[in-house]
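Have a look at the structure below, then the notes.
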Amino acid sequence: MARENIPCCSICRRDLLAGAGVAATGALAGCVSEDEDEGIPDDADEDFPEWDPESPEFPQRMSTLMDYDNGTVEDIQGFEERDEPVYGDPVQETPEDEDELIDPDTLLFAMTPTEDPAAYEGMFDPLIENIEEETGRDVENNLVENYAAQVEAMRSEQLHIAGFSTGPLPFAVNLAGAVPFAIQVSEEDAGYFLWAITHMSNTDINSVEDFEGRNGAHGDPSSNSGNLMPRAIFEDQFGVEPDEDYDVEHIGSHENLILSVYHQDHEVAPVCSYCVTRVADRGDVDPDDIKVVWQSDPIVTTGFSYRHNLPPDIQEGIERAFLEYDYSDTELAEEFDGRGQFTEIDYATHWHDILVTHEANDVDLTDPGEID
C-alpha cells in the first residue's frame, strides 16, 4: 500500500530531536541518510557465525535475518495446551441471560494503534465486507490513539471487534471482556521474535550482557516485546536488569525504537522482529546497519477478539469472516508480509509466555493505568 514518506530536509536530525523530543523520531520515517553507516568498520561482521535458522547463533546483521523474522504455523500449533491462564482471569463466557447480551446494529472494529493511522485506511475493507456478510450487521472501522483507549473502548461497549497487540491483549481479556480467537498468518509464517539490537558501529556490543552500562530505549510500558518480556528475560537469562544495569527511556512504538538505534540516539533496544522489518522494507532504515545480538523463541502476534456478550450467532459470523476466507490477494496481506489468512488460537495456551512475563513484572491486569 502507498505510504507517505516525508522527505529529508537540511535540518540536522539530532538538533530537531533535541528541540522537539522523541515524537520527532516517527516524523522522520523515510529519511535514510547517506552517512548512517559512518563508524562501521569494513570488517565489522567478519567473525559473525554462518546463519543457520535450525541452529541460530548471534550476533547477525538484521539484513541476514529478514527472511527468517517470523515463527511458523507449525510453531503456533505446537504450543503446549493449557486449560487455564497461568495469570489473571480466564476468557469470559457468553452470558446465558439474553438480557446481558448486546446486539448493536453497527459493529465497531479497531486495529491495534499505529504511528500512521492513515495506513489502515481501506486496508481492512475485504475483511469488513465479509464480517458484514456473515453477521448481517454494518461494520465501522475506527482508529484508536493508543492501547489504553482501545481497551477502554471495548470495556465501555464502544468497540466490538479488535486486533489487540500482544502485550495489551491480557488487559482486554481481564478488563474489557475480550474473547481472543485468531491471529494473522500466511501459509508458512506466524508470530514473531523478540530481537535485542544495536547499531553495527557498536562493535563491542555483541550480546545482551554487553547492554550493561549502555543508553537504551524501550517501547511503551505495556508493550510485550518492547518492554515487559525484555525485563523478565534479560535479567533471568543474562543477569542484565533494565533500568538498573542499563538506562531505559520509553519512546513508544517499535518503529521509534529501530529508528532511534539506527540514527544512534540510543545504543540498544528490544524490538519485535516482525514490526521492524516492515520499517526496513519501507526503506526507512538500512538493515545492514542494525546488529541483532539475540533472538527469543517465537511469540504470537496481534490477537483478534470480539466482546464476550455479543449474541452467539454474531460471534460465529465474526469467526467465519476471519477463519474461513483467504485474504492473500488483498492489500491486507501486502501490508503484513503476505499474511492473508487467520488461524484459530486459544488464549490460555498461546498467551502463556506473555502472561508469565506479566506476572514476573507484577503487572496488574485489572488496572487500566498500567496499560500505557
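Quick caveat: nothing in here was measured; it's all calculated off a predicted structure.
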*Using modelled atom types only, decide if a donor and an acceptor are shared between the side chain of Asn174 and the backbone of Asp89 within a distance under 3.5 Å.*
yes
_Side-chain (Asp220) to main-chain (Ser223) donor-acceptor, under 3.5 angstrom_ = no
_Minimal non-hydrogen separation, Gly122 against Glu331, with atom names_ = O-OE1, 4.3 Å
*Gap separating the CD atom of Glu157 from the CG atom of Leu310, nearest 0.5 angstrom*: 9.0 Å
*For Glu316 and Pro311, indicate whether the former's side chain and the latter's backbone hold a donor-acceptor pair under 3.5 Å.*
no
*Donor-acceptor contact below 3.5 Å, side chain Asn202 vs main chain Thr198*: no
*Using the test side chain to side chain donor-acceptor pair (under 3.5 Å), find all partners of Asn206 that sit at least two apart in sequence or belong to another chain.*
Lys291
_Using side-chain heavy atoms (C-beta onward) and a distance below 4.5 Å, is Tyr274 in contact with Phe193?_
no
*Using ring pair (Phe, Tyr, Trp, His ring centres under 6.0 Å) as the criterion, list what pairs up with His218, not counting sequence neighbours.*
Tyr246
_Pro180 side chain reached by Phe164 side chain, heavy atoms, under 4.5 Å_ = no
*Look at the side chain of Gln184 and the backbone N and O of Arg339, then say whether any donor-acceptor pair between them is shorter than 3.5 Å.*
yes
_Give me the atom names and distance for the closest heavy-atom approach of Gly226 to Pro270._
O-CG, 3.6 Å
*State whether the side chain of Ser165 and the backbone N or O of Pro168 hold a donor-acceptor pair below 3.5 Å, judged by distance alone.*
no
Pairs under 3.5 angstrom only: tabulate donor-acceptor contacts from the side chains of residues 294-303 to other protein residues two or more places apart or in another chain.
| residue | atom | partner | partner atom | Å |
| --- | --- | --- | --- | --- |
| Gln295 | OE1 | Trp195 | NE1 | 3.0 |
| Ser296 | OG | Leu194 | N | 2.9 |

*Taking all atoms of both residues into account, what is the closest heavy-atom pair of Arg155 and Pro368, and its distance?*
NH1-CG, 3.2 Å
*List the atom of Met154, the atom of Ser305, and the distance in Å for their closest heavy-atom pair.*
CE-O, 4.4 Å
*Can you tell me if Asn146 uses its side chain to pair, donor with acceptor, with the backbone of Ala149 under 3.5 Å?*
yes
*Consider only side-chain N and O atoms of Glu129 and Tyr325, and report whether a donor and an acceptor are under 3.5 Å apart.*
no
*Show your working on side chain to side chain donor-acceptor pair (under 3.5 Å) between Asp284 and Tyr262 and close with a plain yes or no.*
CA-CA 9 Å; Asp284 296 343; Tyr262 176 67; over 6 Å; no
*If we only count heavy atoms from C-beta on, is the Thr343 to Leu323 side-chain gap below 4.5 Å?*
no
*Go through the steps for Arg282 and Glu255 under the test salt bridge (Lys or Arg N to Asp or Glu O under 4.0 Å), then give the verdict.*
CA-CA 11 Å; Arg282 294 203 309 261; Glu255 180 170 339; 3.0 Å; yes
*Side chains of Met66 and Asp281: does their closest heavy-atom pair fall under 4.5 Å?*
yes
_Quick check against the 3.5 Å criterion: does Thr349 have a side-chain atom that pairs as donor or acceptor with the backbone of Asp346?_
no
*Are any non-hydrogen side-chain atoms of Asp313 and Thr135 less than 4.5 angstrom apart?*
no
_If we ignore hydrogens and angles and just use 3.5 Å, is the side chain of Thr277 paired with the main-chain N or O of Ser273 as donor and acceptor?_
yes
_Glu74, CD: over 12 other non-hydrogen atoms inside 6.0 angstrom_ = yes
*Relative to the ring of Phe234, is the ring of Phe211 parallel (under 30°), tilted (30 to 60°) or perpendicular (over 60°)?*
perpendicular
*For Glu132, which residues count as a side chain to side chain contact (heavy atoms under 4.5 Å, CB included) partner, sequence neighbours excluded?*
Ile128, Asp138, Val139
*asked:* Just verifying a value: how many Å separate His352 NE2 and Arg82 CZ, rounded to the nearest 0.5 Å?
replied: 3.5 Å
*Could you check Val261, Val279, Ile197 and say which one makes a side-chain contact (heavy atoms from CB on, under 4.5 Å) with Val271?*
Ile197
_Measuring from atom CZ of Arg307 to atom CD of Gln92, what distance do you get when rounded to the nearest 0.5 angstrom?_
7.5 Å
_Residue pairs passing the ring-ring contact (aromatic ring centres under 6.0 Å, His included) test where at least one lies in residues 71-107, sequence neighbours excluded_ = Phe79-His350
_By side chain to side chain donor-acceptor pair (under 3.5 Å) - contacts of Asn141 (at least two apart)_ = none
*asked:* The criterion is ring pair (Phe, Tyr, Trp, His ring centres under 6.0 Å); which residues satisfy it with Phe304, sequence neighbours excluded?
replied: Phe322, Phe342
*Going by heavy atoms in the side chains, are Leu159 and Gln150 under 4.5 Å from each other?*
yes
*Of all pairs that satisfy salt bridge (Lys or Arg N to Asp or Glu O under 4.0 Å), the ones with a partner from residues 54-65, not counting sequence neighbours*: Asp45-Arg61
*For Asp245, check side chain to side chain donor-acceptor pair (under 3.5 Å) against everything at least two apart and list the hits.*
none
*Run the numbers on Trp51 and Phe58 for ring pair (Phe, Tyr, Trp, His ring centres under 6.0 Å), then give the verdict.*
CA-CA 8 Å; Trp51 177 246; Phe58 295 89; 5.5 Å; yes
*Could you give all pairs that pass the salt bridge (Lys or Arg N to Asp or Glu O under 4.0 Å) test and reach residues 351-363, with sequence neighbours left out?*
none
*Could you tell me the separation between the NE2 atom of His199 and the OG atom of Ser260, rounded to the nearest 0.5 Å?*
11.0 Å
*asked:* Does Gln158 form a side chain to side chain donor-acceptor pair (under 3.5 Å) with Ser156? I'd like the steps, not just the answer.
replied: CA-CA 5 Å; Gln158 299 303 304; Ser156 61; 5.0 Å; no
Could you list the donor-acceptor pairs under 3.5 angstrom formed by side chains in residues 98-111, with sequence neighbours left out?
| residue | atom | partner | partner atom | Å |
| --- | --- | --- | --- | --- |
| Asp103 | OD1 | Arg137 | NE | 3.3 |
| Asp103 | OD1 | Arg137 | NH2 | 2.7 |
| Asp103 | OD2 | Arg137 | NH2 | 3.1 |

_Around atom CG of Asp97, are there more than 12 heavy atoms from other residues, nucleotides or ligands closer than 6.0 Å?_
yes
*Can you find a heavy atom in the side chain of Met62 that is under 4.5 Å from one in the side chain of Asp288?*
no
_Give me the atom names and distance for the closest heavy-atom approach of Val73 to Ser186._
CG2-O, 3.3 Å
*Side chains of Trp351 and Thr166: closer than 4.5 Å at any heavy-atom pair?*
yes
*Atom pair CG/CG of Leu355 and Leu228 - distance to nearest 0.5 Å*: 11.0 Å
*Has the side chain of Gln315 got a donor or acceptor atom that lies under 3.5 Å from a matching backbone atom of Tyr306?*
no
*Measure across Gly216 and His266 and return the closest heavy-atom pair with its distance rounded to 0.1 Å.*
O-CD2, 3.4 Å
*asked:* Holding to side chain to side chain donor-acceptor pair (under 3.5 Å), I want the full list of residues that pass it with Asp243, two or more places apart in sequence or in another chain.
replied: Arg231
*asked:* Check this for me: Asp52, atom CG, are more than 12 non-hydrogen atoms of other residues, nucleotides or ligands nearer than 6.0 Å?
replied: yes
*Look up atom CD in Glu267 and atom OG in Ser201, then write down how far apart they are to the nearest 0.5 Å.*
9.0 Å
